[in-house]
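Before any comments, here is the structure.
Each chain gets a letter, A, B and so on, in the order the sequences are listed, and its residues count up from 1. Side chains included, hydrogens not; waters and symmetry mates left out as well; all remaining heavy atoms used.
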Amino acid sequence: MNRIDLSRRPFSLDHTLSCGQVFRWERQGAWWQGIVGNDLIRVRQEGDILMYESGNEETIRSYFQLDLDLDRILQSIDRDPVIHGAIGHCRGLRIVRQDPWECLASYICATYANIPGIIKKIQLLCESFGEPFDTEYGTCYRFPSAEAIASSELCDIRDCRLGYRSEYLCETARRITDDPAWAGRIAALSCGEARTELMAFRGVGPKVADCVLLFAFARYEVFPVDVWISRIMHGCYGLPIPSAYQRIAAEGRAIFGDYAGYAQEYLFCDRQRLVPGRS
DNA sequence: CGCCAGGCGGGAC
DNA sequence: GTCCCGCATGGC
């Protein structure tokens, strides 16, 4: 059994993995199991100790961004009673560092679907096109490469129940296969330029682009707006509903500052409490 | 059953 | 530029 001493750094494994930013982690009793890159990771938290029995410390530290000063970030976004409540409720949630292709493909599949449904679609996608590997915990599947998707028949991708998203995913996979340096190029761009570049992929609009910027490129200033965030910004911050995407995003950025994306995740994580009367 | 979901593309204007 | 609609599927 390996241990990472969190040494009083705020971290909540449960909030981090169940808040809806990632779709491939499974809870197995006290353990969480997921695949990061090529590796199976099994982790479990007990207070200030993060235990792991598969995977290596460097991967885990980097994936969960354990060396990021979360206290400082939370202090910087804690600017009103609404976000203060969300922070109190979800403290320790960290934005994980996702692989750019997995994040992009996942959020293309996530449009206009609910989270349990997204999890199923992506699981089907991985079991159909991902590379299987055996572990002492059973057979696991890596996230399919862009090449694997690009070289598959559209009808086989449709079998993963992606609906109209199938063609978007397939086309984006082909473009990325032809341009393997895409992520490095985007990482070097300014936020606005990177966003434009991402939105050139089919199936990627402002919301998906912002999620990819936030979750894969660590652009913590972007404020993705989905229907829940829209409701919260209406109900708790007085914005008219409906408001244009860019208006809400700009307002989030103005209210919360350089870590608006972190604020967004805390609000999203706490959405059921913040938007009463929905489940 | 009907309504909704981490929206987007395309067309109208 | 903004508004509006259709969309394929499943969760609740």
Under a plain distance cut-off of 3.5 Å, with no hydrogens placed, do A:Tyr141 and A:Arg24 share a side-chain donor-acceptor pair?
no
Going by centres under 5.5 angstrom and planes under 30 degrees, do the aromatic ring of A:Trp228 and the base ring of B:dG6 stack?
no
For atom [atom1] of [X] and atom [atom2] of [N], their distance in whole Å:
{"X": "A:Arg247", "N": "C:dC3", "atom1": "CZ", "atom2": "P", "result": "12 Å"}
{"X": "A:Tyr107", "N": "B:dG6", "atom1": "OH", "atom2": "P", "result": "10 Å"}
{"X": "A:Leu154", "N": "C:dA8", "atom1": "CG", "atom2": "C1'", "result": "13 Å"}
{"X": "A:Glu167", "N": "C:dC7", "atom1": "CD", "atom2": "P", "result": "13 Å"}
{"X": "A:Asn114", "N": "B:dG6", "atom1": "CG", "atom2": "C1'", "result": "10 Å"}
{"X": "A:Ile119", "N": "B:dA5", "atom1": "CD1", "atom2": "P", "result": "16 Å"}
{"X": "A:Tyr112", "N": "C:dC5", "atom1": "OH", "atom2": "P", "result": "13 Å"}
{"X": "A:Arg165", "N": "C:dG6", "atom1": "CZ", "atom2": "P", "result": "17 Å"}

C:dT9 OP1/OP2 closer than 4.0 Å to side-chain N/O of A:Lys120
no
When rounded to the nearest Å, what value does the distance between [atom1] atoms of [N] and [M] take?
{"N": "B:dG6", "M": "C:dC3", "atom1": "P", "answer": "24 Å"}
{"N": "C:dA8", "M": "B:dG11", "atom1": "P", "answer": "16 Å"}
{"N": "B:dG7", "M": "C:dC12", "atom1": "P", "answer": "16 Å"}

When Ile, Leu, Val, Met, Phe, Trp and Tyr are grouped by side-chain heavy atoms lying under 4.5 Å apart, directly or through other members, which residues fall in the same group as A:Leu17?
A:Ile4, A:Leu6, A:Phe11, A:Leu13, A:Val22, A:Trp25, A:Trp32, A:Val36, A:Ile41, A:Val43, A:Leu50, A:Tyr52, A:Ile60, A:Tyr63, A:Phe64, A:Leu66, A:Val96
Which ILVMFWY residues can you reach from A:Ile241 by hopping between side chains whose heavy atoms are under 4.5 Å apart?
none
Heavy atoms only, 4.0 Å cut-off, all strands: where does [X] land among base, sugar-phosphate and nothing?
{"X": "A:Ala113", "answer": "base"}
{"X": "A:Ile115", "answer": "sugar-phosphate"}
{"X": "A:Lys121", "answer": "nothing"}

Should the pair [X]-[Y] be classified as a salt bridge under the 4.0 Å nitrogen-to-oxygen rule?
{"X": "A:Asp210", "Y": "A:Arg219", "answer": "no"}
{"X": "A:Asp226", "Y": "A:Lys207", "answer": "no"}
{"X": "A:Glu153", "Y": "A:Arg158", "answer": "no"}

By a strict heavy-atom criterion of less than 4.0 Å, which residues belonging to residues 255-267 of chain A are in contact with DNA chain C?
none
Heavy-atom side-chain contact between A:Asp258 and A:Tyr220 under 4.5 Å:
no
Stem ranges for DNA chain B, with three or more consecutive Watson-Crick or G-U pairs under 3.5 Å?
B:2-5 with C:9-12, B:7-13 with C:1-7
Does any N or O in the side chain of [X] come within less than 3.5 Å of the main-chain N or O of [Y], such that one atom is a donor and the other an acceptor?
{"X": "A:Gln65", "Y": "A:Leu70", "answer": "no"}
{"X": "A:Arg94", "Y": "A:Leu68", "answer": "yes"}
{"X": "A:Arg195", "Y": "A:Gly192", "answer": "no"}

Pairs touching residues 99-111 of chain A that satisfy side-chain hydrogen bond (donor to acceptor under 3.5 Å, both in side chains), sequence neighbours left out:
A:Thr111-A:Arg165
Neighbour count above 12 (heavy atom, 6.0 Å) for A:Glu147 CD
yes
Per-nucleotide protein contact along nucleotides 8-13 of chain B, 5' to 3', at a 4.0 Å heavy-atom cut-off (B base, S sugar-phosphate only, - neither), is SSS---
